[in-house]
Amino acid sequence: YRRQRQMCIRDSLYGPTLGEYLCGEQIGMALSEALKHQPTLLLADIPETLSLRPLIEFPLLLLASEENLAGSCGQNFVQMAHNDQTLATREEYAADLRVAESALQTLAPGLDLREPFGRIREAIAEAQGGMRKSTAA
């Protein structure tokens, strides 16, 4: 009941924009403000993170997959291929793709852009596993 009530409260306050609010304005903005140097390019693998783009001065692109694009109903994305990977952004920031293409060709022509995200997921899963063990003890 409590979980259901929380969901109802959340949905009534934010509706479908909760993910964008959390990923963009809350988490993304806090992380971008903590940067010591402005990056040439920022990549994310969560579509809601793109809501941060109007708030920052540097390109932000989605490392696109079938799963994360399918979960973004109503969004219009422009896409670009880089090696066997796809980068996407909202239509109004299509110029970010040109910046990314230039930067990636110069700085990381053969880089697997998915690899860091995989390592992050593994670290989170490992941390969560350790938390479960300590709470069970």
Side-chain angles (χ1 to χ4, degrees):
Y1 169 76
R2 182 177 174 189
R3 183 175 172 84
Q4 184 180 17
R5 186 167 180 260
Q6 288 172 336
M7 296 288 284
C8 292
I9 291 170
R10 182 199 71 202
D11 291 345
S12 66
L13 291 174
Y14 296 98
T17 63
L18 179 63
E20 290 185 354
Y21 171 72
L22 291 174
C23 291
E25 292 181 42
Q26 294 299 302
I27 298 168
M29 202 59 205
L31 291 172
S32 67
E33 288 173 348
L35 294 171
K36 292 188 171 130
H37 303 284
Q38 182 172 309
T40 302
L41 173 65
L42 184 61
L43 297 176
D45 67 344
I46 301 171
E48 290 85 1
T49 308
L50 294 177
S51 65
L52 173 65
R53 181 58 182 96
L55 307 173
I56 58 176
E57 307 257 336
F58 46 88
L60 169 61
L61 298 175
L62 175 68
L63 183 56
S65 66
E66 287 183 28
E67 296 84 35
N68 64 16
L69 287 178
S72 302
C73 300
Q75 296 281 339
N76 291 320
F77 292 109
V78 290
Q79 300 178 23
M80 167 189 102
H82 174 71
N83 298 333
D84 65 338
Q85 301 153 112
T86 302
L87 298 174
T89 191
R90 293 179 178 169
E91 287 179 330
E92 61 266 30
Y93 295 102
D96 288 357
L97 292 173
R98 289 187 292 281
V99 172
E101 184 175 31
S102 175
L104 291 170
Q105 292 299 336
T106 303
L107 303 172
L111 184 67
D112 179 1
L113 301 174
R114 294 175 294 251
E115 190 269 337
F117 295 105
R119 284 190 288 133
I120 291 168
R121 280 191 192 87
E122 288 173 12
I124 291 170
E126 187 175 318
Q128 288 175 335
M131 288 175 57
R132 284 187 202 110
K133 289 178 187 174
S134 67
T135 56

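Just so you know, these numbers come straight off a predicted model, no measurement behind them. The first residue in the sequence is number 1, and the count goes up from there.
Contact check for Leu42 versus Leu61: no side-chain heavy atoms found under the 4.5 Å cut-off. Within the 4.5 Å cutoff, the side chain of Phe117 has heavy atoms near those of the Leu43 side chain.
Taking CD from Gln26 and CG from Leu52, the interatomic distance works out to 11.5 Å, rounded to the nearest 0.5 Å. Of the inter-residue distances, the one linking Phe58 atom CZ with Leu41 atom CG reads 9.5 Å to the nearest 0.5 angstrom. Note: Thr49 OG1 to Leu62 CG = 8.0 Å, rounded to the nearest 0.5 Å. Annotation: the span from Met80 atom CE to Thr86 atom OG1 amounts to 9.0 Å, rounded to 0.5 Å.
Between Leu113 and Leu63 the shortest heavy-atom distance is O-CD2, 3.4 Å. Taking each heavy atom of Val99 and Pro59 in turn, the nearest pair found is CG1-CG, 3.6 Å. The shortest non-hydrogen separation linking Leu87 to Leu97 is O-CD2, 4.0 Å. The heavy-atom pair separating Gln79 from Ala88 by the smallest distance is CG-CB, 3.9 Å.
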Let me check something: any side-chain donor-acceptor pairs from residues 27-40 under 3.5 Å, sequence neighbours excluded? List them with distances.
unit_1: Ser32; atom_1: OG; unit_2: Gly28; atom_2: O; d: 3.2
unit_1: Ser32; atom_1: OG; unit_2: Met29; atom_2: O; d: 3.1

>> Please evaluate residues Arg90 and Asp96 with respect to the criterion salt bridge (charged side-chain N to carboxylate O under 4.0 Å, His left out), reporting the C-alpha separation (whole Å), side-chain torsions for both, the decisive distance (0.1 Å), and the verdict.
In response: CA-CA 10 Å; Arg90 293 179 178 169; Asp96 288 357; over 6 Å; no
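With sequence neighbours left out, Pro116 forms a side-chain contact (heavy atoms from CB on, under 4.5 Å) with Arg119.
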